[in-house]
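What follows is a short report on a single structure.
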Amino acid sequence: MTADAGPVLALEHVDFAYGRGPGVLHDVSLSLVPGATVGLVGESGAGKTSVLRLLLGLAAPTGGRALFEGAPLRLADRRQMRSLRRTVQPVYQDPFASLDPRMTVGQSIAEPLRSLGVVGDRAGARQRVLELLTAVDLDPESADRYPDAFSGGQRQRIAIARALAPRPRVLLADEPVSALDTSVRMHVIELFQRLASEQGIAMLLVSHDLTIVSALCERMTVLQHGRVVEEGPTPRLLTSPSEEYTAQLVASVPRLPA
Ligand SMILES: Nc1ncnc2c1ncn2[C@@H]1O[C@H](COP(=O)(O)OP(=O)(O)OP(=O)(O)O)[C@@H](O)[C@H]1O
Ligand SMILES: [Mg+2]
C-alpha cells in the first residue's frame, strides 16, 4: 500500500550533464503522483526535455537520483527498465513523426501491446485497439486506415491511444499540442484532462503555453537554466508568483482565463 500512495516517478536533487558537457540540470526535484498533472514550464533550453529523458530512463542523473515506484532507477536493471517502459509512456510534439506511415493506425496502436508483452493474441490486441480508439473519440473503423488519412489533431489522438495501450501509470507529454492548429488544441487538451482524471494517470506536461498549463495542471514547476526557480499550485503561481522569473513568464502571456 505504501508504494501505491507515494509518487510513481520522482527526481530527487538531480544534477545532469550530457557527456562531459556543461551541467544542464542542477538540484532538480519533482514528483508525479497518480491522478495529478504537473506542468513543467521554462524558456527554450531550460532543460525540460532533459527532465523527461531522465524520467524515461534514457539517461541517468550525474547527481541525486531518479525514483520509480519508490526504488532508485538503474538503467542496467533490465527487469526494472522493462517495467518502466510499460508504466511510463511519452507523448511527443509532432504526431507526424511519431506514427509510422507504413503501418495502419490499428497496427501502430497494437505494436506496443505486443512488444511490451501486454496482450499476446491478435484478437485481444484488436479488441484493445478498438477500445482505445473509442476512448480518444475516433471511429473504430480508423484502425484499418493509414496515418496520412488523418489531420494533425486526429493523429495526436492516435498517438495518445498508442501511449495508453499498455495501461501506463504515467504520461510524459512534451509540448503535445504545439504542432496543432489552435482550433483543435483545446479538444486534445480536454482529452488529456479526462484521461488523467478518469484513469488516475500521473501526468507531466511540458508546455510553453500557460493557458494550457492553467487549464490542465494542479501544480507547476518553473525551470530556468536547469534549476527549479519555483514550484507550487498553478493558481497561486499565476496570480502571486514569488519569483521574478515566474512573474515575467506570466506577464508574457496576453491574457489568462480566470
Ligand atoms: N543531446 C544533447 N547533447 C548535448 N546537449 C544537449 C542535448 N540535448 C539538449 N542539450 C542541451 O541541454 C540544455 C537543455 O536542453 P533541453 O532540450 O532539455 O531544453 P528544453 O527546455 O526542452 O528546450 P526547448 O523548449 O527548446 O525544447 C540546452 O542547453 C541544450 O543545448
Ligand atoms: Mg524541449
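Read the numbers this way: they start at 1 and go in the same order the structure lists the ligands and their atoms.
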Nearest heavy atoms of [X] and [Y], plus distance in Å:
| X | Y | answer |
| --- | --- | --- |
| P101 | Y146 | O-CD2, 3.5 Å |
| T211 | D209 | N-OD1, 2.9 Å |
| L216 | I189 | CD1-O, 3.7 Å |
| F68 | S83 | CE2-OG, 3.5 Å |

Residues [X] and [Y] bridged, charged N to O under 4.0 Å:
| X | Y | answer |
| --- | --- | --- |
| D137 | R194 | yes |
| R126 | D144 | yes |
| R79 | D77 | no |

Atom 24 (P) of ligand 1: the protein heavy-atom neighbour that sits closest, reported with distance to 0.1 Å: S44 OG, 3.7 Å
Among all protein non-hydrogen atoms, which one is nearest to atom 10 (N) of ligand 1, and what is the separation to 0.1 Å? Y18 CE1, 3.5 Å
At less than 4.0 angstrom from any non-hydrogen atom of [X], what atoms of ligand 1 do you find?
| X | result |
| --- | --- |
| G45 | 13 (C), 14 (C), 19 (O), 20 (P), 21 (O), 23 (O), 24 (P), 26 (O), 28 (C) |
| A46 | 19 (O), 21 (O) |
| S50 | 14 (C), 15 (O), 16 (P), 18 (O) |
| V24 | 12 (O), 13 (C), 14 (C) |
| G47 | 14 (C), 16 (P), 18 (O), 19 (O), 20 (P), 21 (O) |

Any protein heavy atom at under 4.0 Å, with atom 31 (O) of ligand 1 as the reference point? no
Provide the tally of protein N/O/S atoms nearer than 2.8 Å to the Mg ion (ligand 2). 1
G42-ligand 1 polar pair, N/O distance under 3.5 Å: no
Within reach of ligand 1, part of T49 (heavy-atom separation under 4.0 Å): both
